[in-house]
Amino acid sequence: MAEERRMVTVGGKGSSLSSSSVFDIANGLSRLSIDSSALSKVSSSSNSKTSKTNAPTVSASFSILSNLTPDEARASLVVLLNKLLLSSSTSAAVNQLSDIILKDASSSSNLQISFDNTFDGVSPGDFSVAAIAGISAILDHQSSALSVITDAIAALSCEALGADISAFNLNDSGDGSSAKDVVSVASDLKILLNGSKFVNREGDEPAVSGVPVVHGKFREISRLLHSSTRVQLNSAIVSNSGSSGTASSMCTTLFSLAVALKDLGNISYNRAKHIVDSRIAGDDEFPAMLIKECPRPDQLKALFASLVSAHSDEEYVKFSHDVSSLLVMVEQIISWEALAAFLSLEGRDFITSGDTSVGEDSAKTAGKKGAKKKKILGKGTTALVQFLKDRLLSMPIQTEASQTVMVLENLVRNFLSLLDPKDLGFDTLLKKVKDIVESNESRRLPKLPKVENHAVLSLFHSFFQFFFFERKVGYFSAASGTRDFAKEQMAIRERAFSIITEVFKRHGAAALDTPAFEMRETLMGKYGEDSKLIYDLADQGGELCSLRYDLTVPFARYVAMNGLTSFKRYQIAKVYRRDNPSKGRYREFYQCDFDIAGQFEKMMPDFEVIKILTELLDELDIGEYEVKLNHRKLLDGMLAICGVPQEKFRTICSSIDKLDKQSFEQIKKEMVDEKGLSNEISDRIGTFVKWRGPPVELLSKLKQEHSFLENNESSLALDELEIMFKALEKSKCIDRVVFDLSLARGLDYYTGVIFEAVFKGAAQVGSIAAGGRYDNLIGMFGTRQVPSVGISLGIERVFAIMEQLQKDKNQEIRATETQVLVSILGDDSALAAELVGELWHAKVKAEFMIHKKVMKHIDRARDSRIPWMVLVGERELSEGVVKLKDVVAAIDYEVPRGKLVDDLCKRLGM
């Protein structure tokens, strides 16, 4: 099976070594390959060095590896090889080491080298640093996995013990005083235990209430280890004098890990023993097996004392090995805890009875006569226990009643293998636990980020990075995806915002504003493949926050957070996306959103938002456009008819959504090569996505296709579309709509009608508005689903069109709305204040200017396109009059000083 192992290449341009890669190579799960260009570079560098120096060659003994496990030794050699390649060391050293590693690749036991041999070109200090880094890589890989698994096992133990979990009710204070990993662990445990009827039945148990602190500290140290190890794995060999300091620094982090591991092992053992003593003490075989096989706290203590001694004596390689041994011991304890919790919750009879139902699923049999009592575990632990049972039942096991002890031993062996990081099935278990936690099935209450000092600093820090480092060409550059707006552009924007706001208010919407940044967990998992475009704010030790990607998810969070069941709102605000800047595509831009949340007449809210869209684009007067429309259920039905597996619906939708930018052949290549569809299925999709036309006409055509009518999803969609198309016909806007089966909209939260407005004029700006129905989004943040539909106007692209239209018509844009320029021919500033103050009091839009030359005043009025002037010089003052000047008509009028305001207001039509 060696040919199926993943290949890890070192020495190549841009390649880097990760802890996971080192772990896989060390345990025979991956093969090592050395980039040929790196070998050539080393050879060239070696020849150059040989011709320039005759310095004596240093050497190190392989005895450094003699007390290490085979996987630790292999990891050490792999790291040393990478460091040699990065250091452009002699080809002899690289070749000698690569030969050892590659020859050993087929061995799964002891390392095939003689520890009496020496290794030329490497000092003992360099070899020690590489060994510590190799062991650290293994520790990093296993600690990262263990920090996830141990939380899930602790959740099972909480249910097995019926423990009080009130200690998990922690919240981040937001002021930096809370240990965020402690809060995060507590939050993950609540997700796993959400809905459980097994917890909070007993009193406080220290081994349970201490979980957030102990597990949180382990999670924090594991993250620190990952950061330091990543640097060491991909750094060149330092001078021999610096290797001692490097080794000491690396072991400082490892010492913190050892302390965290010891605490983790002790608390896990206490939970396991408590379960055995209180829940399964009547089973004589398992307690005896636990006592015999599971490492005990005194063994943890002895091993910890050994590593402390090694650290004190600066035997850093031995110390690192002891920390690795400690981690293995803790893994074994946690595995036994998992088995104890599992047997307590499920018993061993599930193997012989064939019962595979867990938690909520068992409710189906609860009402039947003779059925066993219903068990309600947490939503997360239900999924985890079911996964474990399915995996155990797929393994060979003897079930004869006469072989009870053998059955138990077999069960224990199979169960423990599931939790062995070196077992091929461990990654599957790890992924399952991560999926459970990240799916956030607990529907935790949404909340706003706290804006304390550290959060504000975080926000400013992130914006500084965004506006400076990201742009590289200057503070404000269109090439970076952001823009400055001159006064003329702002005039267009303000006029557009005024029109948009008027349309939204006409339909009864109330204004809403939400923060520019949200809790990261609020945004994640809502945007499909576009989630990678979310801007994360710098972590300053408080809550994890991100800049908002759109206005819809914050709106859904607001509705859920405030317990609303009906709300019609509009919002105009900036959003942020880490996108590739291009024409009409920015990283910071405005969105204008209108949404209707709540239960209303079928399809009428959907009709109204499309009607609003046509009103907006008509009144903005941008020219020709079309509204492409489809239905997510119709799209899903189409994919099912074509033979696409249901689990690939969303990712295939993301591909189809690119059809407005790429040809179908390009999309087909992506669906086949990257997403695993067959050519036949892709061709079927290609046939349907070409269908587009007038809504009523294409709807009639689809209703004649039996495959669409026989599919429940597509049949429902066609019925809903029929209702909406009739409403659009009656409102006289259906001529703006095109029914287009290629429209997919890549966002995950859409559930019904989807639409997109496209400009058809000369300017190529792409989509200018989009939206759809999202019935399940609000429910992700609260306890109830509130069906919703909305639209988002991409106003930046609309602005671009409006600006271009102004240029094409050679129309000058007034940057201000000033109606009158008060011109004082002299230097009497008090008179200017008196006159302009009277005009402002009368709500006249006025400016003032003080200058002796009359043409300066007239030029100012003409340049600013101010229609009227009030001119006052010495003559006007002496005669008690003012001169009104119609700038466009070039006509002057004399008005008595006391009647200035009334006369001017009449001329302005006020």
Side-chain angles (χ1 to χ4, degrees), residues 19 22-23 26-27 65-76 128 131-151 153-154 207 210-211 213-226 228-229 247-273 290 293-338 416 419-422 426:
S19 294
V22 173
F23 178 87
N27 288 281
L65 308 178
S66 60
N67 293 319
L68 304 185
T69 62
D71 58 327
E72 291 171 347
R74 291 191 187 95
S76 304
S128 295
I132 297 167
I135 297 171
S136 294
I138 294 176
L139 286 166
D140 174 26
H141 176 82
Q142 293 186 242
S143 295
S144 298
L146 188 60
S147 68
V148 175
I149 295 296
T150 190
D151 294 342
I153 302 308
V211 167
V213 173
V214 174
H215 289 213
K217 190 64 179 177
F218 178 66
R219 185 180 289 192
E220 176 189 350
I221 299 301
S222 296
R223 192 169 59 251
L224 292 175
L225 174 64
H226 177 74
S228 61
T229 302
S248 176
S249 175
M250 294 168 64
C251 288
T252 298
T253 304
L254 293 184
F255 195 94
S256 297
L257 178 69
V259 174
L261 281 168
K262 178 174 68 70
D263 293 342
L264 189 68
N266 282 326
I267 199 172
S268 175
Y269 183 88
N270 290 338
R271 286 193 300 268
K273 191 170 187 311
L290 175 71
E293 302 290 342
C294 179
R296 301 181 308 278
D298 61 312
Q299 293 173 295
L300 275 177
K301 184 177 180 180
L303 183 52
F304 185 78
S306 172
L307 66 86
V308 169
S309 175
H311 187 274
S312 178
D313 294 339
E314 297 185 0
E315 297 177 5
Y316 291 135
V317 175
K318 180 182 184 304
F319 165 76
S320 302
H321 164 72
D322 285 346
V323 176
S324 181
S325 300
L326 183 67
L327 184 140
V328 171
M329 187 178 288
V330 172
E331 285 176 339
Q332 293 171 349
I333 293 173
I334 291 171
S335 297
W336 279 95
E337 179 196 352
L416 296 182
L419 298 172
D420 182 358
K422 299 175 185 178
F426 180 79

(message) Quick check: closest heavy atoms across Ser143 and Ser222, and the distance to 0.1 Å?
(response) CB-OG, 3.5 Å
(request) Check His226 against Asp140 and note the closest heavy-atom contact, atom names and distance. (result) ND1-OD2, 3.0 Å
(message) Could you go through Phe319 and Phe255, starting from their C-alpha distance and side-chain angles, then the distance that decides it, and tell me whether this counts as side chain to side chain contact (heavy atoms under 4.5 Å, CB included)?
(response) CA-CA 9 Å; Phe319 165 76; Phe255 195 94; 3.8 Å; yes
(request) Could you grab the distance from atom CD1 of Ile149 to atom CD of Glu331, nearest 0.5 Å is fine? (result) 10.0 Å
(message) Using side-chain heavy atoms (C-beta onward) and a distance below 4.5 Å, is Leu257 in contact with Phe218?
(response) yes
(message) Could you tell me if the side chain of Val328 sits less than 4.5 Å from the side chain of Thr69, heavy atoms only?
(response) no
(request) Could you pull out all residues at least two apart from Ser76 that satisfy side chain to side chain contact (heavy atoms under 4.5 Å, CB included)? (result) Leu65, Leu68, Ala131
(message) Let me confirm one number: the OG-NE2 distance from Ser147 to His215, rounded to the nearest 0.5 Å.
(response) 10.5 Å
(message) As an exercise, state the distance from CG of Asn266 to CD1 of Ile333, rounded to the nearest 0.5 Å.
(response) 7.0 Å
(message) Distance check, rounded to the nearest 0.5 Å: Asp263 atom CG versus Lys217 atom NZ?
(response) 10.0 Å
(request) In sequence, state the C-alpha distance, the side-chain angles, and the governing distance for Ser228 and Met250, and then conclude on side chain to side chain contact (heavy atoms under 4.5 Å, CB included). (result) CA-CA 7 Å; Ser228 61; Met250 294 168 64; over 6 Å; no
(request) Identify which one of Leu146, Val148, Thr150, Asp151 satisfies the side chain to side chain contact (heavy atoms under 4.5 Å, CB included) criterion when paired with Arg219. (result) Asp151
(request) Please answer whether the main-chain N or O of Leu139 pairs with a side-chain N or O of Gln142 as donor and acceptor at a distance below 3.5 Å. (result) no
(request) Rounded to the nearest 0.5 Å, what's the gap from OG on Ser325 to CG on Leu261? Could you check? (result) 11.5 Å
(message) Return the OG to OH distance between Ser248 and Tyr316, rounded to the nearest 0.5 Å.
(response) 3.5 Å
(message) Under the rule for side chain to side chain contact (heavy atoms under 4.5 Å, CB included), what residues qualify as partners of Gln299, not counting sequence neighbours?
(response) Pro295, Arg296, Met329
(request) Let me know which of Lys273, Arg271, Gln332 forms a side-chain hydrogen bond (donor to acceptor under 3.5 Å, both in side chains) with Glu337. (result) Arg271
(message) Check whether Ser136 reaches the backbone of Ile132 with its side chain - one donor and one acceptor, N or O, closer than 3.5 Å.
(response) yes
Which donor-acceptor pairs under 3.5 Å do the side chains of residues 305-312 make with protein atoms, sequence neighbours left out?
from: Ser306; atom 1: OG; to: Lys318; atom 2: NZ; distance (Å): 3.3
from: Ser306; atom 1: OG; to: Asp322; atom 2: OD2; distance (Å): 3.2

(request) Report yes if some heavy atom in the side chain of Ile138 is under 4.5 Å from a heavy atom in the side chain of Leu327; otherwise report no. (result) no
(request) Kindly say whether Leu225 contributes a backbone atom to a donor-acceptor pair with the side chain of Thr229 at under 3.5 angstrom? (result) yes
(request) Provide the closest heavy-atom pair for Ala207 versus Asn270 in the form atom of the first, atom of the second, distance. (result) CB-CB, 4.0 Å
(message) Could you report the tightest heavy-atom contact between Ala260 and Ile221, atom names first, then the distance?
(response) CB-CG1, 4.4 Å
(request) Would you name the heavy atoms of Val323 and Ala258 that are closest together and state the gap between them? (result) CG2-CB, 4.2 Å
(request) Work out which heavy atom in Ser19 is nearest to a heavy atom in Ala137; give both atom names and the distance. (result) CB-O, 3.4 Å
(message) Set out, in order, the CA-CA distance, both residues' side-chain angles and the distance that settles side chain to side chain contact (heavy atoms under 4.5 Å, CB included) for Ser256 and Leu224, then state yes or no.
(response) CA-CA 10 Å; Ser256 297; Leu224 292 175; over 6 Å; no
